[in-house]
Number of protein chains: 2
Amino acid sequence: MMSMNILEAFKALGNPTRLAILQNLREPEKHFPPQDEGDVNVDGVCVGSIQEGVGLSQSTTSTYLASLQRAGLVTSKRMGGWTYYKRNEANIKKLIELLGKEL
Amino acid sequence: MMSMNILEAFKALGNPTRLAILQNLREPEKHFPPQDEGDVNVDGVCVGSIQEGVGLSQSTTSTYLASLQRAGLVTSKRMGGWTYYKRNEANIKKLIELLGKEL
DNA sequence: TCTCTATATCTAAAAATATCAATATGAATT
DNA sequence: AATTCATATTGATATTTTTAGATATAGAGA
């Protein structure tokens, strides 16, 4: 299990789009359309759907998701041609606990 | 009382120096020298002492402190020629609670 | 008033980030 | 194998952040 790093998490979330992505992923079915393959609640949301939500280019969206993943805030799962991203709830919880202690 | 903004807090703390300043201010007497006027625990720490700790220029240190203050994470008090900065514990608590709910 | 001393602000340069278009990759299908 | 679709990566530019030096300000004391 990844050990969370406060600074890296802050850097990733200090951007309005990346913060919004993580927050929207709290209630996937509320913010993203249903998917043919993969349940948004179970498997995560594909990059294309996330891109529509944020209104930025495909490449920027992909880069942002990679950044959130490096910070340990989301996980990705490849299924066929799609990549599904979802929140890493365990790490987010860990981060909040860490903040309570060290911030 | 200022209402905390998650994004602004993340932006301010997504910098290693600013994060370290806030963390060092948790235990002022452990990280900063005693002051002739003003108790580091009660009144806060003057800019000069904070600057020594971070090893950056006076102007940068002052700018960083202003940024932390705009984000609601510290307060400042002017006494004579010195400005003393201390943590805004109420807002920091509020921020952590907000993160627990909204992040 | 003149001069220190501490801090804030202004200006400018260098470094990092944001962002997109183009291209590459990889899986599924024809 | 050629095509298509979704995503990742690369290359390039625009914007923001970082950072320091110079200057301004304000209080304390000679």
Side-chain angles (χ1 to χ4, degrees), chain A residues 5 7-22 25 28 32-40 43-71 73-86, chain B residues 7-22 25 32-40 43-71 73-86:
Chain A
N5 177 311
L7 180 63
E8 290 311 310
F10 282 160
K11 282 204 263 194
L13 296 176
N15 170 288
T17 302
R18 290 192 297 263
L19 178 59
I21 290 173
L22 192 69
L25 286 174
F32 305 101
Q35 298 167 160
D36 291 353
E37 290 180 63
D39 184 312
V40 290
D43 304 297
V45 182
C46 73
V47 178
S49 295
I50 295 173
Q51 187 201 338
E52 282 181 35
V54 303
L56 293 177
S57 73
Q58 186 274 321
S59 64
T60 299
T61 306
S62 178
T63 300
Y64 279 2
L65 288 167
S67 150
L68 286 170
Q69 185 167 29
R70 273 195 302 278
L73 297 163
V74 302
T75 59
S76 72
K77 167 162 59 169
R78 198 73 193 254
M79 289 171 67
W82 289 263
T83 309
Y84 299 93
Y85 284 87
K86 61 186 302 195
Chain B
L7 180 62
E8 290 311 309
F10 281 161
K11 282 205 265 193
L13 296 176
N15 170 289
T17 302
R18 289 191 298 261
L19 178 58
I21 290 172
L22 192 68
L25 285 174
F32 304 101
Q35 298 167 161
D36 292 352
E37 291 180 62
D39 184 313
V40 291
D43 304 297
V45 182
C46 72
V47 178
S49 294
I50 295 174
Q51 186 200 339
E52 282 182 34
V54 304
L56 293 177
S57 73
Q58 187 274 320
S59 65
T60 299
T61 305
S62 179
T63 300
Y64 279 3
L65 288 168
S67 150
L68 286 170
Q69 185 166 29
R70 273 194 303 278
L73 297 163
V74 301
T75 59
S76 71
K77 167 162 59 169
R78 198 75 194 252
M79 288 172 68
W82 290 263
T83 308
Y84 299 93
Y85 284 89
K86 61 187 302 196

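Within every chain, numbering begins at 1; the chains are lettered A, B, ... in the order of the sequence lines, protein sequences first and strands thereafter.
We find that CD of Gln58(A) is positioned 8 Å from P of dT7(D), with the value rounded to whole Å. Rounded to a whole Å, the CG atom of Leu68(B) is 11 Å from the P atom of dT18(D). Residue Leu65(A) contributes atom CG, which lies 10 Å from atom P of dT7(D) at whole-angstrom precision. Residue Leu7(B) contributes atom CG, which lies 15 Å from atom C1' of dT17(D) at whole-angstrom precision. Regarding Met79(A), its CE atom lies at a distance of 16 Å from the C1' atom of dC5(D), rounded to whole Å. Computed from coordinates, the Glu37(A) CD to dA6(D) C1' distance equals 12 Å when rounded to whole Å. For the pair Gln51(B) CD and dT19(D) C1', the computed distance is 12 Å after rounding to whole Å. Rounded to an integer number of Å, the gap from CH2 of Trp82(B) to C1' of dT25(D) is 16 Å.
Residues Asn15(A) and Leu19(A) form no side-chain contact, since every pair of their non-hydrogen atoms from C-beta on lies 4.5 Å or further apart. A 4.5 Å side-chain heavy-atom check between Leu13(B) and Leu68(B) finds at least one atom pair inside the cut-off. Contact of the Leu25(B) side chain with the Lys86(B) side chain is not registered, since no non-hydrogen atoms from C-beta on lie closer than 4.5 Å. Side chains of Tyr64(A) and Gln69(A) form no contact here, defined as non-hydrogen atoms less than 4.5 Å apart. Side-chain contact between Val45(A) and Tyr85(A): absent, with no pair of heavy atoms (C-beta onward) separated by less than 4.5 Å. Two residues are said to be in side-chain contact when any heavy atoms from C-beta on lie closer than 4.5 Å; Met79(B) and Lys77(B) meet this criterion. With a 4.5 Å cut-off on side-chain heavy atoms, Tyr84(B) and Gln35(B) count as touching.
Tyr85(B) comes within 4.0 angstrom of the backbone, heavy atoms only, and of no base. Residue contacts for Leu56(A): at a heavy-atom cut-off of 4.0 Å it reaches the sugar-phosphate backbone alone, with no base atom in range.
Listed nucleotides dA22(D), dT17(D), dT7(D) differ in distance to Ser62(A); the shortest reach to its side chain belongs to dT7(D). With dA22(D), dT18(D), dT7(D) as the choices, the nucleotide that has an atom nearest any side-chain atom of Tyr64(B) turns out to be dT18(D).
Considering all non-hydrogen atoms of both residues, Arg18(A) and Ser67(A) come closest at CD-OG, 3.6 Å.
Residues Thr63(A) and Thr60(A) have side chains that never bring a donor and an acceptor to within less than 3.5 angstrom of each other.
Put simply, chain A comes within 4.0 Å of DNA chain C, heavy atom to any atom, from dA18(C) to dA28(C), going 5' to 3'.
Residues of residues 12-20 of chain A having a heavy atom closer than 4.0 Å to DNA chain C, listed by number: Asn15(A), Arg18(A).
Between Thr83(B) and Gly55(A), it is Thr83(B) whose nearest contact on DNA chain C lies nearer the 5' terminus.
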